[in-house]
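Below is one structure; the comments refer to it alone.
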Amino acid sequence: MRSSHCILLLLFTIVFPFLLSTRNSILALKSPLEQSRVEILLDKIVDQNYCIPSGMINDACCEFETVEKINNDLAPQLRELSKTSFFKYYKLKLYKECPFWKEYGMCMNQACAVETTDETNVPEMWRSDVLGALQTSQAGTFFQPFKKCEYTDQDFCVVEDESDSEGVFVNLLDNPERFTGYAGMSASRVWKSIYEENCFNIAPRIDSINNNNFGSPLTGKSQLGNILQNVVRRSDTTDNEEVCFEKRVYYRLISGLHSSISIHICDEYLNQTTGQWGPNLECFITRVASHPERLQNVYFTYIVLLRAISKAADYLNSYEFCTGDKNQDFRVKTMVSELVNAARSCPETFDEKQMFASPESRLLKEEFKARFRNVSRIMDCVGCDKCRLWGKLQISGLGTALKVLFSYDDEYLNPKVNPNLLTRTEIVALFNTLNRVSESLSAIERFRHMYQESILGNDERINNGESTKHEIETNTESCATSVTKNVTNQQAGLLSEEYQFVETIISIKNLLSSYVINFYRIIVQQMEYWNIPVPVLLKSITYESGQ
């Protein structure tokens, strides 16, 4: 009898875990994109409303719905403003030496290259010889009492100096932020240094991802539908409460900016088979959407940038946007005034007065600045020129927002009293950064449309490309809008095979279930015959099967 017992228990021990993992094993054979869809179809949780996130954004004063409405109103204005001469030209020191390690990582892809602009193409008042002449000393070139430091006490990042003769002008419209193929040890080292050495050692506790590897596969129950519907959930409430508000804000800003950059890469992805640029849904799922914290942090970064522009509204309304063309200057000034006034009229999004409010937090504020300045220096270690350009610009834009929010009181931002608080490069970086994060929010909506179209079975419309990217942007209220024709051929193949695959899986599942249940019944009968206690889980399986 004991031998029979041992055989039954051995079979149960070996077979039971295997059968429980059958479903996950089958799903593991497919790509992350197919895994997410199959799980949703097998579990029958398709919901018409999953494409709309809802609820309050953590550490903020507004909800997701409010942010999306604001962005839908402001995005067209930001997009047009970024095309003007004042905002499309940005000067920076693009080729600075990495201050933290010897960087040998160079992106050999042509997409990594940056197309610079000769200074003769920009207004004369911006050129280094003109700006440099204003700081010339009669004591000679070696005596530079007016030479600026990389930053002042009020700055949260290294500030680009337009008078620097080593800087280069870049037309941002000629160098779009998109997929370049830059990856590997060089890219990983940059983000690892940012998160592990400059994020107050809280990244692992707030975000469960390992070293923020944005290429990790979609696993388990990470379903995009559920993620978009439940994006407001916290990854670890206990740990979040243990981390002070200032440190949480710091981390969320870095994570949100990183996530936004990843969304741009996925939204402007190169299909190396067709040579076309377009959105890549699988890239979006694996890099961003399978991690709810990342999506939430994009929204959080947006509202902090928006709050900075709102706070600086009076200063920006009085700023002289000079390019040498009076008509264009008037147009830019009008556009900026309309945008900042619209931002100021928005509901409250973020309360910066909660931060550094106690006398004991002064040292924390200085550490906050020091760490963010380090992040701006780390951008010089990026091996891809175009990635370095957009990384430096957006870190500078976010640093400018922090400078407005935490270095100056409302009264100090009086343009009549302090007309030179911000440089042209800071203003250009601030508005372009807000525009890039705004584009990320618009891209999230487009990816929702793509995902829902695939789930609801409108594969033919997706493959034929019945609507363009512009049409989707202008019709964001409808979840039935079709997507751009630039969906990759690989994605199209996945869509066409999806339901056939699901049907096969269901058949296999049903077939296995019948054999498994019969096997379990025999085990239960034998165990009851020999008066062996039957595990509750095993008994419940046989009962639920209709015994």
Side-chain angles (χ1 to χ4, degrees), residues 59 87 90-93 148-164 194 198-200 245-247 249-254 256-257 260 300-319 321 336 339-340 343-344 349-357 361-379 391-437:
D59 296 324
F87 286 99
Y90 184 66
K91 187 174 184 180
L92 76 164
K93 201 169 181 179
K148 291 181 61 178
C149 297
E150 286 190 314
Y151 55 84
T152 65
D153 290 340
Q154 291 75 33
D155 294 326
F156 280 74
C157 64
V158 174
V159 178
E160 299 292 344
D161 183 7
E162 280 195 322
S163 64
D164 192 337
I194 290 174
N198 294 281
C199 278
F200 296 97
F245 179 63
E246 291 83 358
K247 292 181 179 180
V249 168
Y250 180 99
Y251 173 76
R252 289 201 164 100
L253 291 175
I254 295 294
L257 187 61
S260 177
F300 183 81
T301 302
Y302 179 87
I303 63 175
V304 171
L305 290 165
L306 190 66
R307 170 57 191 151
I309 286 180
S310 175
K311 182 178 179 179
D314 289 337
Y315 180 87
L316 294 169
N317 279 329
S318 300
Y319 187 85
F321 296 90
V336 170
L339 196 149
V340 298
R344 184 158 55 179
T349 57
F350 178 74
D351 184 8
E352 71 278 3
K353 294 181 181 179
Q354 294 183 35
M355 293 183 61
F356 313 116
S361 63
R362 191 175 68 85
L363 292 177
L364 177 60
K365 183 176 181 180
E366 293 306 314
E367 185 179 4
F368 192 107
K369 288 182 184 178
R371 288 175 182 268
F372 206 89
R373 289 167 185 162
N374 271 349
V375 173
S376 66
R377 293 189 183 99
I378 291 174
M379 289 297 110
K392 287 169 72 72
L393 181 143
Q394 291 176 86
I395 287 293
S396 178
L398 196 51
T400 303
L402 296 175
K403 178 180 179 179
V404 170
L405 293 175
F406 305 121
S407 292
Y408 304 126
D409 295 330
D410 294 342
E411 297 77 13
Y412 202 81
L413 287 167
N414 187 331
K416 296 180 180 179
V417 179
N418 301 294
N420 300 311
L421 289 180
L422 301 178
T423 66
R424 193 192 80 88
T425 54
E426 288 178 304
I427 294 175
V428 171
L430 176 60
F431 277 89
N432 272 284
T433 303
L434 178 61
N435 180 54
R436 297 310 297 148
V437 180

Residues at least two apart in sequence or cross-chain that pass ring pair (Phe, Tyr, Trp, His ring centres under 6.0 Å) with Y315, listed by chain then number, are none

For Y90, the ring pair (Phe, Tyr, Trp, His ring centres under 6.0 Å) test, sequence neighbours excluded, returns none

How close do [X] and [Y] get, counting heavy atoms only, and between which atoms?
X    : Y    : answer
E426 : D155 : OE2-OD1, 3.8 Å
Q154 : S407 : O-OG, 2.7 Å
L413 : A312 : CD1-CA, 4.4 Å
V437 : S260 : CA-OG, 3.7 Å
T433 : Q394 : OG1-CA, 3.3 Å
V158 : R377 : CG2-CG, 4.0 Å

Item checked: Main-chain N/O of D164 paired with K91 side-chain donor or acceptor, under 3.5 Å -> yes

Can you tell me how far [atom2] of [Y] sits from [atom1] of [X], rounded to the nearest 0.5 angstrom?
X    : Y    : atom1 : atom2 : answer
L430 : T425 : CG    : OG1   : 11.0 Å
I194 : S376 : CD1   : OG    : 10.0 Å
T400 : I427 : OG1   : CD1   : 9.0 Å
T301 : L434 : OG1   : CG    : 11.0 Å
L339 : N435 : CG    : CG    : 9.5 Å
D351 : R307 : CG    : CZ    : 7.5 Å

Any [X] side-chain heavy atom under 4.5 Å of [Y] side chain:
X    : Y    : answer
M379 : L92  : no
R424 : F321 : no
S396 : V159 : no
V404 : L422 : yes
D314 : N414 : no
F300 : V249 : yes
L402 : L253 : yes

query: Are M355 and F368 close enough, and set up right, to give a side chain to side chain contact (heavy atoms under 4.5 Å, CB included), and what steps lead you there?
result: CA-CA 11 Å; M355 293 183 61; F368 192 107; 4.0 Å; yes

For V375 and C157, run side chain to side chain contact (heavy atoms under 4.5 Å, CB included): C-alpha distance rounded to whole Å, both residues' side-chain angles, the deciding distance at 0.1 Å, then the answer.
-> CA-CA 8 Å; V375 173; C157 64; over 6 Å; no

Can we say D409 and K311 salt-bridge, meaning some charged N sits less than 4.0 Å from an Asp/Glu carboxylate O? no

Salt bridge flag under 4.0 Å for residues K392 and E160
yes

Between R371 and N374, is there a side-chain donor-acceptor contact under 3.5 Å, judged purely by atom types and distance? no

Using the ring of each side chain (for Trp, its six-membered ring), is [X] parallel, tilted or perpendicular to [Y], with breaks at 30° and 60°?
X    : Y    : value
F156 : F406 : tilted
Y250 : F372 : perpendicular
F245 : F350 : parallel

- Determine, stepwise, if the pair E246 / K365 fulfils salt bridge (Lys or Arg N to Asp or Glu O under 4.0 Å). CA-CA 8 Å; E246 291 83 358; K365 183 176 181 180; over 6 Å; no

Could you please spell out the steps behind the side chain to side chain contact (heavy atoms under 4.5 Å, CB included) verdict for L364 and E367? CA-CA 5 Å; L364 177 60; E367 185 179 4; 4.2 Å; yes

F431 and F87: aromatic ring centres closer than 6.0 Å?
-> yes

